[in-house]
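Just so it is clear: chains get the letters A, B, ... in the order the sequence lines come, proteins before strands, and each one is counted from 1. Note that this is a predicted model, so its numbers are computed, not measured.
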Amino acid sequence: MSEHAVLLDIQNLQTYFPITGGVFQKTVGHVHAVENVSFQIREQETFGLVGESGCGKSTTGRTLLRLIEPTAGEILFDGQDLRALSQDELRQKRRDMQLIFQNPYSSLNPRMSVRQLLEEPLQTHFSLSQKEMDEQVLWISQAVGIAPEQLSRYPHQFSGGQRQRISIARALITKPRFVVADEPVSALDVSIQAQILNLLLTLQKELKLSYLFISHDLNVVRHISNRIGVMYLGRIMEQGDTEAVYRNPLHPYTKALLSAIPKLDPLEEKSRIRLEGDVPSPADPPKGCPFHNRCANCMEVCRNVVPEERELEPGHFVSCHLYD
Amino acid sequence: MKNYILRRILQVVPVLIGISILIFAVMKMIPGDVISGILGVEATPELRAQLAAKYGLDRPYLVQYLDWIGGVLHGDFGESIRTSAPILPEILSRFKVTAELTILAAFISWIIAIPLGVLAAVKRNTLADRFVRVFALLGVSVPNFALSILLILVLSLAFSYFPPLGYVGFLEDPLRNLQIMILPAAILGVTISGSVMRMTRSSVLEVLRQDFIKTVRAKGASERVAIFRHALRNALIPIITLIGMQIGSLLGGAVIVEQIFSLPGLGQMTLTGINQRDYPVVQGCVLFIAFIYVLVNLLTDLLYAYIDPRISYD
Amino acid sequence: MEHLLELRNLSIDLPRGKRQSPVKLVEGVDLTVRKKQNFGVVGESGCGKSITCSAIMGLLSYPLTVGAGSSIRFLKENGEELEITSLSPAELRKLRGKDISMIFQEPMTALDPMYTIEEQINETLRFHTSLSKPEMHEAALAMLKKVKIPRPEQILKDYPHHLSGGMLQRVMIAIALINNPRLLIADEPTTALDVTIQAQILDLMNELRESYDTSVIMITHDLGVIAETCEEVAVFYAGQVVEQASVEEIFRAAAHPYTAGLLKSVTSLGGEEKMLYTIQGAVPTAGNFGQGCRFADRCEYCESRCRESAPALTEISPGHLCRCWLHAPGKEAAQ
Amino acid sequence: MKKLLQTLRELWRDPMGRISLIGILLIILMAIFAPQLSHFKPDKMVGMPKASLSAQFWFGTDNYGRDIFSRIVYGARVSLQVGLIAVGIGATAGYVLGLIAGYFEGWVDRVIMCLMDILFAFPSILLAILISTVLGRGLVPTMVAIGIVNIPVFARTVRASVISAKGLEYVENARSVGVKTWPILIRHISPNVVAPFTVQATLALSSAILTEASMSFLGLGIQPPASSWGSMLNEARTFMEQAPWMAIFPALFIIITILLFNIMGDSLRDVLDPKLKL
């Protein structure tokens with residue numbers, strides 16, 4: 001475990017979205033997007049959130065930045081309760097916590113030049129002279145590998161990888177302490193993914209950043225994260241140090257997920273834990289353990305009781321009745 | 001399904017109430033009072049008061065409104081100031097003409113527009129497409145009254161054809177009725193076919209680009225199946241929405257075309273009412289037309305839900 | 001012709017108006033698929049792998065066309081040889097969905113939302129067989145069981161939007177296999193799906209292979225999928241095949257610097273080294289390829305001749321083809 | 001301003017756009033220089049009634065012996081005036097209402113849109129006639145009536161583009177960076193409204209001109225002796241066999257003007273919103 005202090009402390013975070021229906025469009029239920037999620041991120045550490053689509057990992061990332069309002073729970077950033085902030089205080093706080101989007105095509109305003117895109121966060125949070133602003137822009141564009149002569153161009157004149165560099169520059173120009181990276185390499189080609197991952201790692205060291213790294217790609221998450229949480233149907237099923245989880249997965253879902261990754265060695269024997277069926281709808285989550293209807297080890301208790309999170313090894317938590 | 005229909009109907013209610021309030025308010029705001037209109041300015045105060053009492057004009061607006069709308073709900077639209085005849089039976093008998101005109105016009109526009117729109121989409125960027133697009137642009141741009149006048153002019157000067165005068169109901173003499181109706185209906189149909197054509201072309205093109213058309217082709221489908229069974233079926237949804245909205249243009253267009261061709265329809269009745277300052281008649285006619293329009297839009301919405309399996313009914 | 005499918009010198013053109021010559025999105029592609037073979041095509045977005053396979057179906061979307069001098073030959077079951085590039089639309093239609101079928105990347109949008117699953121399966125049968133309605137129902141039902149769809153009777157009555165992505169991809173596979181085709185082209189069939197669902201679909205495809213005499217062309221950007229499902233693999237880069245060999249050979253001894261680089265960057269993901277191996281730069285866009293090797297700008301072994309002239313695809317060991325000056329015959333002599 | 005010039009330049013590059021630009025410019029010039037262009041007063045009897053086309057009366061004279069060419073030229077003034085002012089009223093009110101409804105959503109949105117639905121529930125010509133019964137007949141009441149009729153289309157267009165712009169990822173990006181509400185509205189959202197708004201305005205011009213002509217044709221809009229193409233056409237009806245030119249020229253000018261604005265609207269859509277181009 002790292003010796004750094006806790007930067008972000010999430011306790012029992014919950015995000016529900018109302019479902020309306022009936023003649024009068026009343027709220028008839030809720031999508032349980034994030035359900036009782038707790039984890040901590042230390043300074044200069046990367047916490048990886050993995051899970052399949054619809055498991056609530058992106059919603060978690062946006063909720064803890066309060067881009068989506070949480071239904072319940074605590075978000076402590078550097079000891080400060082983010083939920084207690086007013087909208088304007090929160091807005092000012094955003095210079096310390098930023099978001100990198102998955103899609104560098106749609107997340108950059110096509111009408112703004114790279115320079116304008118990079119200056120906007122500075123204008124928002126600092127009152128700098130044009131000269132100071134130029135210095136900052138030059139510094140960040142060099143750090144992410146955008147040539148100064150490209151600053152007057154517009155996003156559509158760049159390739160996907162270059163555009164993602166611009167997004168990263170825009171997120172980091174205010175020198176935040178914490179960044180949520182929401183599937184930052186998923187939209188990119190394999191040969192470009194590695195470039196962006198390296199960039200994120202280099203910048204983390206230089207700027208002493210903490211990341212929440214959200215991805216469905218288990219290999220990518222393993223590479224970049226110090227700790228990971230495995231999400232399923234809005235809940236974290238298992239969390240711990242990355243290598244501990246990958247070498248010794250405890251939850252049946254984690255095991256199945258890991259064994260589903262296609263192996264890169266054509267000769268390797270494929271022994272796969274097969275998961276039948278689909279993920280249930282978060283609008284109508286099953287009673288008991290959310291995974292019970294697909295779990296090979298399902299027991300009577302799993303159908304009725306939501307398992308508690310237990311610490312089986314130091315720092316390695318799992319929510320499963322197998323370990324009761 | 002039942003929930004969906006109920007919800008849509010409930011959404012329409014405030015609009016209908018709003019419409020009636022708006023019409024009522026407009027009628028009350030008309031400068032110059034009705035009584036002077038009927039009796040002349042020199043009428044004695046006693047006579048004026050008598051007439052005001054007769055039409056209930058001496059009561060507060062709210063009472064007048066409720067009284068009027070209550071009557072409307074019971075099928076009583078009041079009486080004409082000019083003829084003292086009850087208004088609703090007159091509206092209904094004239095609506096037959098307007099309905100025939102608009103329905104005929106609608107069919108004519110679909111028969112022209114949908115095939116041509118599909119053709120333009122399928123043969124995109126060819127001569128045929130260009131022809132259809134020019135035709136559609138003209139359809140959108142040529143006002144129905146200008147087209148009517150020019151057509152009458154051409155027909156009378158070049159072919160010595162004059163549109164038959166004197167309206168005959170469809171039930172009395174179907175052939176003669178169609179002879180009378182076909183020209184105004186065609187003019188009305190052509191002037192709205194432009195936008196249907198454009199919508200058909202663009203939505204068929206849009207659907208033809210979608211993935212599932214590639215699947216259909218990969219299954220070995222002929223172009224005919226891909227276009228009609230799949231592309232057009234999917235493209236119908238936006239087309240139907242447009243058609244619902246076009247009923248408005250048709251009803252509005254009918255006001256003008258009825259006037260030109262002397263058809264005894266609702267539009268003509270409304271205009272006569274306005275020119276004669278017969279406000280109860282105007283009130284009734286406009287309310288009726290607006291209700292019909294809202295109703296048709298409601299029906300297209302329900303049809304939409306029926307055609308598209310993706311719309312859930314609850 | 002002993003092989004099922006032979007592409008020779010295939011090029012695909014994007015017209016640029018009357019004055020300019022078309023952009024060659026794909027150029028000089030030679031591929032041979034044998035009977036009952038699982039053939040992988042791997043490459044990054046825009047490398048031309050998908051449109052190559054659309055060309056096999058005669059399904060290039062407007063305005064793309066097959067370039068002059070291209071040949072796509074296909075061996076029918078009765079031993080008849082067809083030149084796909086010169087078939088009439090009607091002849092092509094007979095082939096599609098019967099001898100060659102295809103599944104796509106996005107199962108959510110690959111089926112017509114207005115028709116039930118049964119109607120869409122029946123369509124494929126109706127185009128190519130003369131089964132009666134009850135017979136079609138039986139066939140559809142049996143096929144859904146083969147692709148392991150639970151409650152098949154119910155699913156037949158459902159519309160596409162009722163089903164999940166994984167289920168829809170199973171339906172697509174059912175539609176593709178129901179006429180027992182000779183060749184199945186799978187265009188990124190699992191890319192849009194989650195890992196656990198991807199695993200289900202790949203397992204299903206591997207299983208079905210046992211009971212069908214179908215060759216499969218698996219198009220993917222994921223080397224892991226190739227490793228799990230294919231015997232032979234062709235690597236595409238910027239509209240060309242840069243390397244082709246058996247899967248074992250590619251993973252053991254990739255010869256082209258691009259293939260090697262790609263493998264290295266992917267395998268280093270799980271490794272101890274924090275900094276990943278990367279291929280520098282970005283893929284050149286079609287139309288800007290220049291006269292030399294198309295990978296030259298990104299290649300760490302680039303020499304002067306790489307920029308001057310383009311290498312040819314040559315056999316460097318039995319069954320192993322590579323398009324690189326490093327492995328060109330007479331390289332030693334040249335040095 | 002730079003943007004406007006650029007748009008005009010792109011419009012000029014499109015052949016259809018060029019035709020519409022030239023045509024509309026000619027009509028505008030015609031309206032501005034009406035007194036210089038016409039040899040006669042438009043409302044004075046200057047020749048024999050129903051005189052045919054001649055070097056003196058280019059388009060002939062009408063039943064009162066007024067010069068049709070002069071009346072057409074002055075009629076362009078009426079059409080453009082009504083078009084511009086009616087669209088100005090409709091666009092301004094519609095923009096404000098649409099922006100408010102789209103940005104705040106919730107009950108404000110519901111109330112505004114319900115009002116718009118009510119206005120939308122009338123065939124537009126009928127609503128214009130209805131409003132003008134209150135306002136009276138003539139130029140100004142007609143402009144105001146058509147302006148009110150135009151409000152709901154603009155409100156709907158603006159609201160829809162505001163709502164779709166709010167869902168754009170780069171707008172969320174701006175929020176996540178911490179940009180304030182107003183800069184988000186101005187820098188990120190409103191540029192998305194400008195394009196559909198401009199296209200809508202051009203198309204609304206053509207429909208406003210059409211509505212004015214229809215109303216005047218019915219005798220409910222511009223009143224004689226002022227010259228409006230619509231009322232000229234109406235007067236021509238009685239004399240169609242003796243003096244067909246009385247009908248032909250006003251009809252042609254109405255059609256051409258509406259056509260030009262529609263062509264311009266289409267080209268503008270292609271230029272400003274390439275996504276919609278098919």
Under the side chain to side chain donor-acceptor pair (under 3.5 Å) criterion, do D:Glu169 and A:Ser106 qualify, and how do the steps go? CA-CA 6 Å; D:Glu169 213 163 52; A:Ser106 59; 2.8 Å; yes
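The contact list for residues 82-99 of chain D toward chain A, using heavy atoms and a distance under 4.5 Å, is empty. Residues of residues 90-104 of chain A having a heavy atom under 4.5 Å from any heavy atom of chain D, listed by number: A:Arg91, A:Arg94, A:Met97, A:Gln98, A:Leu99, A:Phe101, A:Asn103.
From D:Tyr170, atom OH reaches atom CZ of A:Arg170 across 11.0 Å, with rounding to the nearest 0.5 Å. With rounding to the nearest 0.5 angstrom, the OG atom of A:Ser167 is 7.0 Å from the CG atom of D:Asn173.
There is no contact between A:Leu65 and chain D, counting heavy-atom distances below 4.5 Å. With a 4.5 angstrom heavy-atom cutoff, A:Thr124 touches chain D only via side-chain atoms.
A:Ser215 meets the side chain to side chain donor-acceptor pair (under 3.5 Å) test with no other residue; sequence neighbours excluded. Judged as a side chain to side chain donor-acceptor pair (under 3.5 Å), and not counting sequence neighbours, the contacts of D:Ser267 are D:Asp14.
With respect to chain D, the highest number of heavy-atom pairs below 4.5 Å among A:Arg66, A:Gln87, A:Gln116, A:Arg62 belongs to A:Arg62.
The shortest heavy-atom contact between D:Asn192 and A:Arg111 is OD1-NH1, 3.3 Å. Of all heavy-atom pairs between A:Pro121 and D:Val177, the closest is CB-CG1, 3.5 Å.
Of the possible polar contacts, none joining the A:Asn109 side chain to the D:His188 backbone as a donor-acceptor pair under 3.5 Å is found. Without hydrogens or angle criteria, A:His125 side chain to D:Val179 main chain gives no donor-acceptor distance under 3.5 Å.
The neighbour count for D:Met16 CE, taken as heavy atoms of other residues, nucleotides or ligands under 6.0 Å away, does not exceed 12.
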